[in-house]
Amino acid sequence: MSRYDARSIEPKWQKAWDEAGSFAATRDPSKPKYYVLEMFPYPSGRIHIGHVRNYTMGDVVARYKKAQGFSVLHPMGWDAFGMPAENAAMATGGHPKDWTYANISEMKEQMKPMGWSLDWTREFATCDPEYYGQQQALFIDFLEKDLVYRKNAVVNWDPVDMTVLANEQVIDDKGWRSGAEVERRELTQWFFKISDYSEELLDALDGLKDWPEKVRLMQANWIGKSRGIEIDFDLTAPTQGIEQITCYSTRPDTMHGASFIAISPDHPLSKALEADNAQLAAFNAECRKGGTTEEALEKAEKRGFDTGLTVRHPAEDRDLPVWVGNFVLMDYGTGAVFGCPAHDQRDLDFARKYDLPVRNAFHMPGDETDVGNEALVPDKTETVVFVDHFAGLGETTSQDAIDKTIDWFEAKGKGRGQVKYRLRDWGLSRQRYWGCPIPVVHCDACGVVPEKKENLPVELPYDVTFDTPGNPLDRHPTWRDCACPSCGKPAKRETDTMDTFVDSSWYFARFTAPRATTPTVAEDADYWMNVDQYIGGIEHAILHLLYSRFFARAMHICGHLPEKSKEPFNALFTQGMVTHAIYKIDERRLRPVYGSGPESDEKLESQFARLRQYFYPSQVIEFNDGGVLKAVHKESFEATGRDPNDSDNLKDFWTRDRDNPIEVIPSAKMSKSKNNVVDPLAIIDQYGADTARWFVMSDSPPERDVEWTASGAEGASKHLARVFRLAAEIADGADTGTDDEALLRDMHKTIQAVTDGIEGFAFNTSIAKLYAFTNTLAKAKASAETRKAAMRVMAQLMSPMTPHLAEEVWTMLGGEGLIAEADWPEVDPAMLVEDSVTLPIQVNGKRRDEISVPKDMDKAEVEKLALATEGVQRALDGAAPKKVIVVPGRIVNVVA
RNA sequence: GCCCGAGUGGCGGAAUGGUAGACGCAGGGGAUUCAAAAUCCCCCGGUAGCAAUACCGUGUGGGUUCGAGUCCCACCUCGGGCACCA
């Protein structure tokens with residue numbers, strides 16, 4: 001009998017599928033279509049276990065839907081623009097384009113052996129000029145439809161490297177290479193008008209029934225609709241021509257508790273006052289330091305500056321001081337808020353710090369204690385008692401009070417009810433080389449002019465260098481200088497490129513007609529769109545998906561997508577992440593390095609340290625030091641010739657060697673930049689693709705994060721070998737008994753369970769059922785024919801997960817044609833019906849016994865049998881039951 | 001700091017409000033073998049007990065219910081996102 005040999009089986013069947021063209025998507029009007037898409041990868045050059053998990057899930061769905069008779073589209077491409085290519089160029093002197101395409105071909109080589117049912121004929125990379133040229137065409141269409149505009153926005157500015165930094169390049173408010181404190185600087189940038197669609201994007205979430213609830217919730221919170229009010233506060237002494245400060249508030253019901261006004265450092269009034277107030281100017285400059293992330297802003301210490309100005313309370317007879325506060329954002333609301341310390345913890349901390357008054361606007365019923373150092377912030381639906389409310393409110397909820405207060409202000413003409421959204425317009429300008437050039441030209445005479453479509457793509461020049469920080473396009477005169485498309489006079493190209501989120505916001509549409517000379521083709525988009533099942537990481541729950549939803553609408557407006565595609569993803573599944581420990585140099589140990597040597601050496605050393613602070617798992621030896629995981633650099637340790645199995649040697653080395661104390665951070669998101677990416681190729685080499693596929697699908701529920709461990713692959717491999725042996729034995733075996741019905745019943749239950757598992761994205765439970773069925777089949781006392789039929793069904797049920805082995809087994813058992821082309825087995829519902837059922841008997845909710853009864857036995861009869869059981873008698877100990885609950889077919893509970 | 005999610009044996013995990021721990025991994029015992037690998041069989045949450053069985057047990061503390069891993073409230077820990085990582 002031959003043994004299971006994945007190495008010979010897998011290439012054979014991959015070739016067979018290729019030759020049969022099994023996975024080429026074709027528009028077939030006679031069949032329903034199914035478009036399954038996994039988020040395309042960034043071409044890092046190595047596939048990691050997260051890819052294997054993601055693409056295997058998609059493949060299971062694709063193969064299953066094909067078996068169900070759908071015409072399936074299952075494409076693959078590359079999200080190929082982005083910073084890592086430029087970083088690599090800077091580090092090694094290569095070119096981002098060469099680096100990227102080399103990575104793509106390497107990664108594709110690694111993906112092919114997985115046997116995923118991908119239509120490779122549709123492959124593209126977002127850095128292909130054919131792709132980004134069409135993206136530029138979209139941009140021009142958007143410009144025409146007024147969906148794009150320019151305005152100023154802040155960026156992270158590194159004052160030493162004289163360059164814009166990405167948020168991830170800002171570490172503790174400092175530039176990652178220079179170590180200089182980052183400043184916020186304004187630049188003119190391009191924006192998509194996504195905020196015009198806030199209401200629509202929010203409303204449409206309700207229609208996305210097959211999206212995870214949590215993703216819809218996250219998006220709704222991100223869009224952040226709020227009803228509030230703009231209230232005008234008159235300055236008691238107008239200054240610099242400014243008479244009023246307009247505050248936006250979602251809590252006007254707390255106006256009685258207002259004790260100060262806080263304006264943003266960038267508020268027009270604050271800026272105006274800077275001229276005559278050096279201290280304020282210095283304060284504002286200080287506020288403008290640090291990163292631009294919301295997190296950095298929120299976590300920064302709350303600081304204020306008293307302008308000395310006051311405003312009139314619009315509803316009460318008193319004045320409020322005007323402060324500049326670093327926590328007030330200019331781009332949300334009006335850049336000014338009123339502070340109500342009693343009912344907002346941040347305002348309270350601020351008030352205590354600067355000794356401002358704290359006044360309760362309301363109390364909880366029956367408790368008139370004034371606020372101390374903890375703000376009183378009950379749920380808006382809770383009833384509270386208002387204090388001296390100017391609109392005469394007494395005991396009511398904040399929810400109700402907000403509405404009534406807004407009405408009051410509107411009636412008095414002192415405020416305007418407003419609906420606002422947190423969602424901001426999407427800034428797409430990036431001051432970087434490796435991205436899609438924004439196809440516009442700046443002309444002294446004509447202003448900003450879109451490039452002509454016939455001149456697209458505006459292609460990236462190849463002759464650039466990365467030896468100086470900043471955007472090489474900016475320093476490239478022959479590329480930058482051009483003729484104005486409108487008047488023909490000398491002009492300059494836009495040197496900013498697009499955010500890579502733009503690339504990934506329409507690739508799903510491009511897959512329907514990847515070679516077209518327009519962004520999409522109507523017939524193809526009509527047939528293939530929408531994506532029926534989209535699968536990807538939860539980390540994309542907000543931005544990528546929201547941007548794509550906006551883009552689909554914008555493309556519809558420009559005639560590139562049908563109406564039905566305004567929501568492009570019918571169903572979404574977010575897989576959990578595969579996590580793995582990170583190995584990084586213990587930063588505490590690095591500090592002394594900065595302090596030694598001359599200035600230039602110090603900087604060099606710190607840059608060097610920042611660049612190589614993460615190690616790959618294969619580069620380290622991990623050990624346990626009194627419960628703390630640590631690691632040392634493998635190569636350096638091995639050079640000492642000491643025994644790595646003796647942990648004392650490792651501890652000693654860890655402590656002594658300056659370069660090698662490595663911290664282990666368990667269970668972190670796998671990330672290219674952190675080098676904690678697990679290499680699945682080893683498993684494939686050793687056991688084959690089917691084992692890797694089976695293992696990642698059986699390991700844990702797909703939506704949950706999973707910590708990668710190597711153990712388990714062995715078990716998966718053993719099981720597949722067992723299935724192979726069983727198939728071989730059944731193929732030439734004889735009858736083992738006559739109980740065909742029992743086997744067939746179990747077979748149908750298995751079909752049902754496996755199908756349910758796939759439909760419900762609970763692949764691990766499908767696999768558990770297949771394990772169980774393997775046991776059943778191995779032990780079944782049935783006729784040879786029935787065992788063969790059952791084995792063929794098992795091959796079919798396994799085929800989405802382990803397609804190569806399934807084909808092999810299918811062939812052994814005389815299955816017709818390719819299993820990849822076979823129909824999914826059907827369940828006979830009659831075979832699922834059981835005539836008798838085992839009922840657990842509980843006393844006070846604790847299981848005491850069980851009975852086996854006919855399925856439809858009536859309640860009274862069941863009750864009698866249950867009470868008579870030994871376990872119940874013992875538990876009751878002669879007492880009479882108070883009540884008996886019989887749930888037919890489920891359980892009996894006796895209340896004693 | 002704000003928003004979202006997750007916590008069940010040694011491990012991955014299963015469980016329409018109805019027998020907690022299916023299925024797998026690891027471990028233990030046995031069979032087979034000259035021996036090993038491979039394979040097959042049995043055991044496997046904790047405590048007590050020869051056993052039958054009893055008690056405890058799904059991050060912590062409360063609550064709803066005949067019955068809670070599941071629903072509600074509060075908290076703890078971990079993970080994701082926070083608009084220039086992709």
Side-chain angles (χ1 to χ4, degrees), chain A residues 3 39 41-42 44 79 81-84 155-156 164-170 194 212-215 217-222 224 292-300 302 327 345-346 422-432 499-501 503-504 537-544 546-547 574 576-577 579 666-669 671-673 698-701 703-707 709 711-716 718-719 721-722 725 762 764-765 767-772 775 778 838-850 871 874 882-885 887 890-896:
Chain A
R3 286 168 55 94
M39 290 177 188
Y42 179 82
S44 60
D79 189 11
F81 276 134
M83 294 202 312
V155 294
N156 301 305
V164 177
L165 297 179
N167 285 333
E168 86 161 354
Q169 298 172 320
V170 179
I194 188 171
E213 185 58 42
K214 66 172 170 183
V215 173
L217 191 57
M218 280 193 261
Q219 292 216 352
N221 288 339
W222 186 261
T292 57
T293 64
E294 191 175 299
E295 185 187 7
L297 297 173
E298 293 247 357
K299 276 191 176 164
K302 308 295 177 278
F327 54 89
Q345 192 60 45
R346 186 189 62 193
R422 204 183 75 99
L423 180 63
R424 307 199 294 261
D425 278 334
W426 169 12
L428 69 120
S429 299
R430 296 291 181 270
Q431 294 71 41
R432 276 179 244 295
D499 177 10
T500 55
F501 272 123
D503 311 335
S504 56
I538 184 66
E539 68 269 30
H540 296 292
I542 297 174
L543 292 179
H544 162 61
L546 194 61
Y547 290 159
T574 52
M577 281 172 302
T579 61
S667 199
K669 173 187 171 183
S671 153
K672 296 171 283 299
S673 60
S698 64
D699 196 43
S700 65
E703 70 278 9
R704 203 179 295 183
D705 289 353
V706 53
E707 169 81 19
T709 58
S711 72
E714 176 79 24
K718 278 185 189 170
H719 179 73
R722 183 180 179 215
R725 278 197 310 276
N764 52 327
T765 62
I767 285 185
K769 192 66 198 172
L770 285 165
Y771 268 110
N775 287 332
T838 303
L839 292 182
I841 316 298
Q842 296 181 336
V843 178
N844 291 335
K846 287 188 187 204
R847 185 188 166 281
R848 296 296 175 189
D849 217 320
E850 62 180 34
R874 186 167 48 228
K882 290 200 183 93
K883 192 176 171 187
V884 179
I885 292 144
V887 184
R890 273 284 170 201
I891 201 165
V892 180
N893 192 13
V894 179
V895 185

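Residue numbers begin at 1 in each chain, while the letters A, B, ... track the order of the sequences. Keep in mind it's a predicted model, so treat the numbers as computed, not measured.
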Which atoms of nucleotides 1-3 of chain B (N or O only) lie under 3.5 Å from a protein N or O atom, and what are those distances?
{"unit_1": "G1(B)", "atom_1": "O2'", "unit_2": "Glu298(A)", "atom_2": "OE1", "d": "3.0"}
{"unit_1": "G1(B)", "atom_1": "O6", "unit_2": "Glu295(A)", "atom_2": "OE2", "d": "3.3"}
{"unit_1": "C3(B)", "atom_1": "O3'", "unit_2": "Asn221(A)", "atom_2": "ND2", "d": "2.9"}
{"unit_1": "C3(B)", "atom_1": "O2'", "unit_2": "Asn221(A)", "atom_2": "ND2", "d": "2.8"}

I need the [atom1]-[atom2] distance between [X] and [N], as an integer number of Å.
X         : N      : atom1 : atom2 : answer
Trp426(A) : A83(B) : CH2   : P     : 15 Å
Met39(A)  : G81(B) : CE    : C1'   : 13 Å
Asp503(A) : A86(B) : CG    : P     : 9 Å
Leu839(A) : G18(B) : CG    : P     : 14 Å
Glu714(A) : U39(B) : CD    : P     : 9 Å
Glu539(A) : A86(B) : CD    : P     : 13 Å
Asn844(A) : U19(B) : CG    : P     : 16 Å
Arg422(A) : C4(B)  : CZ    : C1'   : 12 Å

Q | Glu294(A)/Arg422(A) ion pair, N-O < 4.0 Å | A | yes

Q) Quick one: salt bridge (Lys or Arg N to Asp or Glu O under 4.0 Å) partners of Glu703(A), sequence neighbours excluded? A) none

What N/O pairs connect the protein and nucleotides 44-50 of chain B at under 3.5 Å? Give each pair on its own line.
none

If the condition is side chain to side chain contact (heavy atoms under 4.5 Å, CB included), which residues does [X] pass it with, not counting sequence neighbours?
X         : value
Ala220(A) : Leu202(A), Leu205(A)
Ile194(A) : Leu201(A), Leu423(A), Asp425(A), Trp426(A), Leu546(A), Tyr547(A), Phe550(A)
Pro41(A)  : His51(A), Tyr55(A), Met76(A), Trp78(A), Met107(A)
Asn844(A) : Val895(A), Ala896(A)

Q: Measure from the side chain of Ile885(A), starting at C-beta and using heavy atoms only, and say which of C84(B), U19(B), C66(B) lies closest.
A: C66(B)

Q.
What's the closest nucleotide to the side chain of Lys214(A) if the choices are G5(B), C56(B), A20(B)?
A. G5(B)

Q) Side-chain donor or acceptor of Asn893(A) under 3.5 Å from a matching atom on the base of C66(B)? A) yes

Q.
So for Glu168(A) and C84(B), does any side-chain atom that can act as donor or acceptor lie under 3.5 Å from a complementary atom in the base?
A. no

Is any side-chain N or O of [X] closer than 4.0 Å to OP1 or OP2 of [N]?
X         : N      : answer
Ser698(A) : G24(B) : no
Asn167(A) : C82(B) : no
Lys718(A) : A37(B) : no

Q) Taking syn as any angle within 90 degrees of 0 and anti as the rest, which one fits G9(B)? A) syn

Q: Considering only atom C1', compute the distance from C85(B) to G80(B) and round it to an integer number of Å.
A: 14 Å

Q. Using the P atom in both, what is the distance from G9(B) to G5(B), to the nearest Å?
A. 23 Å

**Q.** Nearest-0.5 Å distance, CG of residue Leu543(A) to CH2 of residue Trp222(A)
**A.** 5.0 Å

NA contact type, [X], heavy-atom cut-off 4.0 Å: base, sugar-phosphate, or nothing?
X         : result
His540(A) : base
Ser429(A) : base
Val164(A) : base
Val884(A) : nothing
Gly224(A) : nothing
Lys846(A) : sugar-phosphate
Arg346(A) : nothing

**Q.** Base-pairing string, 5' to 3', of RNA chain B - Watson-Crick or wobble, under 3.5 Å, | interstrand
**A.** (((((((..(((.....[....))).(((((.......))))).((((....))))..(((((..]....))))))))))))....

Measure all distances between protein nitrogen or oxygen atoms and nitrogen or oxygen atoms of nucleotides 14-16 of chain B, and list the pairs falling under 3.5 Å.
{"unit_1": "A14(B)", "atom_1": "OP1", "unit_2": "Asn764(A)", "atom_2": "ND2", "d": "3.0"}
{"unit_1": "U16(B)", "atom_1": "O4", "unit_2": "Arg890(A)", "atom_2": "NE", "d": "2.6"}
{"unit_1": "U16(B)", "atom_1": "O4", "unit_2": "Arg890(A)", "atom_2": "NH2", "d": "3.4"}

Minimum-distance pair of heavy atoms, taken over all atoms of [X] and [Y]:
X         : Y         : answer
Pro84(A)  : Tyr42(A)  : CB-OH, 3.3 Å
Leu839(A) : Ile891(A) : CD2-N, 3.9 Å
Pro212(A) : Thr574(A) : CG-OG1, 3.9 Å
Thr838(A) : Pro840(A) : O-CD, 3.7 Å
Met83(A)  : Gln169(A) : SD-NE2, 3.8 Å
Ile767(A) : Ser698(A) : CG2-CB, 3.4 Å

Q. Can you find a heavy atom in the side chain of Arg722(A) that is under 4.5 Å from one in the side chain of Asn775(A)?
A. yes

Q: Look at the side chain of Asn893(A) and the backbone N and O of Gly845(A), then say whether any donor-acceptor pair between them is shorter than 3.5 Å.
A: yes

Q. Under 3.5 Å, side chain of Gln842(A) to main-chain N/O of Val894(A), donor-acceptor pair present?
A. no

With the criterion being N/O to N/O and under 3.5 Å, what pairs connect the protein with nucleotides 27-29 of chain B, and how long is each?
none

Q | Non-neighbouring partners of Arg424(A) that pass side-chain hydrogen bond (donor to acceptor under 3.5 Å, both in side chains), sequence neighbours left out | A | none

Q. What pairs with His540(A) under ring pair (Phe, Tyr, Trp, His ring centres under 6.0 Å), at least two apart in sequence or on another chain?
A. His544(A)

